[in-house]
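Inspection log for the structure reproduced underneath, given as structure tokens.
As a basis for the values below, the full set of heavy atoms in this structure was taken, side chains included, without hydrogen atoms, waters or symmetry mates. Whatever order the structure lists ligands and atoms in, that order sets their numbers, starting from 1. The first residue of the sequence shown is numbered 1, and numbering continues consecutively from there.
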Amino acid sequence: MMDGTTGIRTPWQTPPAPGEAVEVAQGVLWLRLPLPMKLDHVNVYALDDGDGWTLVDSGMNTRRTRETWEALLSGPLGGKPVRRVVATHHHPDHIGLAGWFQREKGAELLTTRTAWLFARMLTLDEQDRPPPETLAFWRRAGMAEDMLNERANERPFNFADIVWPMPLGFGRLTEGGTIRMGGRTWDIRCGGGHAPEHATFWSRDDGLVLTGDQVILSISSNIGVYATEPEADPVADWLASCERLSTYARPDQLALGGHKLPFTGLPMRLRQLIDNHHSALERLERHLDTPRTAAECFAPLFRREIGPQEYGLALVEAVAHLNHLHQTARAVRRLNESGAWEFSRVG
Ligand SMILES: [Zn+2]
């Protein structure tokens with residue numbers, strides 16, 4: 001429900017500097033780690049369990065992040081041990097150093113089963129060249145021939161490049177379960193669309209919500225389709241998750257997300273996320289008056305120039321939105337002479 005009286009507020013305008021912490025509630029520290037990307041940071045949280053810490057997310061495995069962690073551990077975390085790492089989802093900026101904390105710091109990893117399986121599978125699946133399935137996926141998405149040829153002969157992005165090897169063993173978090181951390185009991189609620197079985201944590205004792213990348217202020221989480229499941233419809237998962245999480249959301253809760261600033265106004269933010277995707281789908285549908293491949297659909301979806309750094313994310317997001325229109329019978333598709341899916345609107 002839209003409630004005009006409950007806007008979005010950001011109690012802190014300045015994020016913690018590298019190696020420093022901001023206490024957002026008693027026993028809950030907000031930390032920031034660097035990312036070597038356009039989105040240049042990830043938020044992680046340290047929850048005080050008395051005799052040690054539980055970390056929610058861990059950052060990407062780079063030397064710079066590990067150095068930042070060492071400064072945090074001996075600085076704001078006061079030398080107390082990290083006993084548990086909770087990973088909200090399987091992406092490298094969140095789970096990237098879980099294995100390092102397990103192996104080097106004696107911590108336990110807690111996450112959902114899907115997140116753990118995905119992270120471990122992708123980390124072990126090291127590729128020197130893109131496999132034929134990835135090349136076929138790019139071709140079907142309408143990647144230009146010269147880019148396709150260039151990429152076919154390059155080492156692709158590998159999870160193992162930025163995720164510390166993941167040892168065997170984890171503790172499973174499940175939808176509807178609870179976890180005790182930072183002196184609070186948290187309900188575990190899973191979402192999807194950005195990553196399958198993405199965990200969020202809702203405090204029963206006060207208004208804190210650890211949202212990971214499921215709900216972020218001011219940017220929309222990437223929703224992508226990959227060669228692992230080319231016919232997936234993550235936009236449907238995302239919309240359903242936003243609707244379902246809305247039933248737990250209150251205007252006063254403090255949302256602690258994986259990127260950007262903490263905020264209050266979760267019901268409105270979830271409504272915005274739903275509305276933004278519906279608008280994007282409508283713009284895309286109109287764009288399909290002329291048959292288009294995914295690579296030809298950046299303009300209506302992003303409404304800005306997509307640089308080479310963002311091309312990969314933009315392509316998987318375009319496929320996701322086209323798959324959604326196709327699978328909800330708002331678009332049809334045919335393979336063109338270059339082997340790419342061309343989508344046209346229905347009616
Ligand atoms: Zn993510």
Side-chain angles (χ1 to χ4, degrees), residues 15 30-45 55-62 65 85-99 109-123 157-164 166 170 173 188-201 209-229 232 234-235 237-242 245 255-263 269-270 273 276-277 302 309-321:
W30 169 28
L31 317 170
R32 240 180 201 199
L33 301 169
L35 292 182
M37 306 169 350
K38 186 157 191 273
L39 180 59
D40 63 2
H41 70 273
V42 60
N43 296 325
V44 299
Y45 301 91
L55 303 180
V56 175
D57 289 331
S58 64
M60 204 176 261
N61 177 27
T62 66
T65 315
V85 174
V86 167
T88 55
H89 63 297
H90 77 272
H91 291 162
D93 45 337
H94 298 262
I95 213 165
L97 281 172
L109 171 62
L110 302 175
T111 191
T112 64
R113 182 180 280 166
T114 310
W116 189 78
L117 289 172
F118 249 109
R120 194 158 195 277
M121 179 269 284
L122 290 169
T123 307
F157 158 76
N158 273 274
F159 248 58
D161 299 345
I162 48 171
V163 175
W164 189 275
M166 294 187 63
F170 76 107
L173 303 177
I188 302 164
R189 299 290 169 203
C190 293
H194 172 68
E197 217 185 344
H198 179 310
T200 63
F201 304 91
V209 187
L210 293 155
T211 60
D213 286 356
Q214 193 69 43
V215 193
I216 312 176
L217 184 72
S218 72
I219 54 170
S220 130
S221 307
N222 184 259
I223 296 175
V225 169
Y226 300 87
T228 38
E229 194 185 338
V235 172
D237 296 336
W238 178 260
L239 292 172
S241 298
C242 289
L245 294 178
L256 303 166
H259 305 276
K260 303 289 178 178
L261 298 173
F263 66 95
R269 184 61 190 139
L270 284 161
L273 291 172
N276 291 348
H277 280 285
F302 308 110
Q309 248 202 328
E310 297 174 283
Y311 184 90
L313 285 175
L315 192 68
V316 296
E317 182 126 11
V319 175
H321 283 79

N, O or S atom within D213 nearest to the Zn ion (ligand 1), by name: OD2
Under 3.5 Å, is there a donor-acceptor pair between the side chain of H321 and the main chain of E317? yes
Side chains of D213 and H91: is there a donor and an acceptor less than 3.5 Å apart? no
Using a 3.5 Å distance criterion without hydrogens, assess whether the side chain of H41 forms a donor-acceptor pair with backbone atoms of H259. no
For residues F170 and T111, report the shortest heavy-atom separation together with the two atoms involved. CE1-O, 3.6 Å
Angular separation of H194 NE2 and H91 ND1 about the Zn ion (ligand 1), given to 10°: 90°
Measure from the Zn ion (ligand 1) to every N/O/S atom of H89 and report the name of the nearest one. NE2
